[in-house]
S.K.: 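One structure, pasted below without further comment.
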Protein chains: 2
Amino acid sequence: MLRLSKLTDYATVILSFMARDNAQMHAAMEIASITGIALPTVSKILKLLVNAKILISTRGAKGGYELARTPTEISIAAVISALEGPIALTECSISQQGCEQASGCEIRGNWNLINQTIHNALESVTLADMIRPTRSQDLAWKQEVLIPVASLYR
Amino acid sequence: MLRLSKLTDYATVILSFMARDNAQMHAAMEIASITGIALPTVSKILKLLVNAKILISTRGAKGGYELARTPTEISIAAVISALEGPIALTECSISQQGCEQASGCEIRGNWNLINQTIHNALESVTLADMIRPTRSQDLAWKQEVLIPVASLYR
DNA sequence: TTAAATAGTACTAGAATAGTCCTCAATTAT
DNA sequence: ATAATTGAGGACTATTCTAGTACTATTTAA
């Protein structure tokens, strides 16, 4: 569930490669051969990332792509919305009339809270975090996970 | 992004209707006419929820569906995984060899952390929360949103 | 026994994704 | 200047996934 598209997945791979050797310019073809993702697909992704101002492109010979900001300043949320549009779990947007007729739709407001919560969580993770080594043993953080929606009603 | 399927959306509508008038048995047809969702679709969803032990079904005349637990004991995470399978953003699962060849795949562990974080957030929201009135004005909770992955590295 | 209701499964149409390709524009090096 | 390199932009296709439907079997109450 909660699928991200493959393209988004690729984007994180590409970006974390770029983050690791910083301050460098990389041509699309170079990135394609290093990551093993087909060139046209890499190109497509890079273009989307440029439009989202996550990357800066330089045309012409010796051109290429580079990060627009430092890895600590690029959030995963930004990457995801660059590739998939605004972050939202539901598209309850299907005509408000329909929702008023149907009985269940006071829910919508609560979905929005959940969306916000997840968005904030993704906002707090940066590219810099992604390229750090994993310590899956270390589960101390679990205790820190919050219950934001429930807390609304205290 | 982060799309949930329409079916999952419907499921929350159906379940919150059922949660509101508790302890009652509801036939699929009744639910269909009240929610405005087509009967075959409602049936499909109800069956999935039964398989996930979120609902209990009773066959035969006077049969129907009822909640298997109280609304406070049914998490949104459970509903989502009932409809869409395990909660995971990426399906990096595409052959580990492929990932070792490509340069970017130390990322996977970090994705798992993000998945876990989101899973925990969804686990903390229950059906009971969903049927409460929304107070979108009240944004106090925003201050409480955490930075779980970053905290891993302190 | 009959009617009401769910269980299970298979199928179809439509939409969304992934992936590719082609032409234009810009920059550098010769 | 001119050629080579590289990105920009858009159009297009095939495949996969989802939503929705239909049909048959099974169970239970009256």
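Scope of the values below: all heavy atoms of this structure, side chains included, with no hydrogens, waters or symmetry mates. What you see is a predicted model; the values in this text were computed from it and never measured. Letters A, B, ... mirror the listed sequences (proteins, then strands); counts begin at 1.
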S.K.: Whole Å only: how far is the CG atom of A:Leu48 from the C1' atom of C:dT17?
M.R.: 13 Å

S.K.: Checking B:Arg20 side chain against B:Leu15 main chain: does a donor-acceptor pair fall under 3.5 Å?
M.R.: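 Flag not set: sc B:Arg20 to bb B:Leu15 has no pair under 3.5 Å.
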
S.K.: Taking OP1 and OP2 of D:dA19, is either one under 4.0 Å from a side-chain nitrogen or oxygen of B:Ser5?
M.R.: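 For D:dA19, OP1 or OP2 has a side-chain N or O of B:Ser5 closer than 4.0 Å.
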
S.K.: Which whole-number value in Å describes the distance from B:Leu4 CG to D:dA19 P?
M.R.: 10 Å

S.K.: Take the protein atom CD of B:Glu66 and the nucleotide atom C1' of C:dA5, then report the distance between them rounded to whole Å.
M.R.: 14 Å

S.K.: Over all strands shown, is B:Leu7 touching base, sugar-phosphate only, or nothing at heavy-atom distances under 4.0 angstrom?
M.R.: sugar-phosphate

S.K.: Ignoring hydrogens and angles, tell me if any N or O in the side chain of B:Glu84 forms a donor-acceptor pair with the backbone of B:Leu4 under 3.5 Å.
M.R.: no

S.K.: Less than 4.0 angstrom between a side-chain N/O of A:Thr58 and OP1 or OP2 of C:dA26, yes or no?
M.R.: no

S.K.: What's the closest nucleotide to the side chain of B:Arg59 if the choices are D:dG7, C:dA7, C:dT28?
M.R.: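 Of all the options, the side chain of B:Arg59 is nearest to C:dA7.
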
S.K.: Looking at D:dG7, I'd like to know if its phosphate oxygens (OP1 or OP2) sit under 4.0 Å from a side-chain N or O belonging to A:Ser43.
M.R.: no

S.K.: Quick check for you: among D:dG9, C:dT28, C:dA7, whose closest atom lies nearest to any side-chain atom of A:Asn51?
M.R.: D:dG9

S.K.: Let me know the distance between CE of B:Met29 and P of C:dT6, rounded to the nearest Å.
M.R.: 9 Å

S.K.: Which nucleotide sits closest to the side chain of B:Lys47: C:dG8, D:dT21, D:dA8?
M.R.: C:dG8

S.K.: Check whether any side-chain N or O of A:Asn51 sits under 3.5 Å from a backbone N or O of A:Leu48 as a donor-acceptor pair, and report yes or no.
M.R.: no

S.K.: Are the side chain of B:Arg59 and the backbone N or O of B:Gly64 linked by a donor-acceptor pair below 3.5 Å?
M.R.: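 No; judged by distance alone, with no hydrogens or angles, the pair does not exist.
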
S.K.: Expressed in angstrom and rounded to an integer, what is the separation of B:Ile45 atom CD1 from C:dA7 atom P?
M.R.: 14 Å

S.K.: Give a yes/no on whether any side-chain N or O of B:Tyr10 is located under 4.0 angstrom from OP1 or OP2 of D:dG20.
M.R.: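 Yes, because at least one side-chain N or O of B:Tyr10 sits under 4.0 Å from OP1 or OP2 of D:dG20.
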
S.K.: Taking CG from A:Leu39 and P from C:dG19, how many angstroms apart are they, rounded to a whole number?
M.R.: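 About 13 Å, once rounded to whole Å.
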
S.K.: Do A:Thr41 and A:Leu7 come close enough that some side-chain heavy atom pair is under 4.5 Å?
M.R.: yes

S.K.: Starting at the 5' end of DNA chain D, which residue's closest nucleotide do you reach first, B:Thr41 or B:Ala61?
M.R.: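 Result of the comparison: B:Thr41.
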
S.K.: When the nearest nucleotide of DNA chain D is assigned to A:Gly63 and to A:Lys44 on a heavy-atom basis, which residue is associated with the more 5' position?
M.R.: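 Looking at DNA chain D, the more 5' nearest nucleotide goes with A:Gly63.
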
S.K.: Separation of A:Lys6 atom NZ from C:dA16 atom P, in whole Å?
M.R.: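 For the pair A:Lys6 NZ and C:dA16 P, the rounded distance is 19 Å.
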
S.K.: Figure out the CD/C1' separation between A:Glu30 and D:dT5, and round it to whole Å.
M.R.: 14 Å

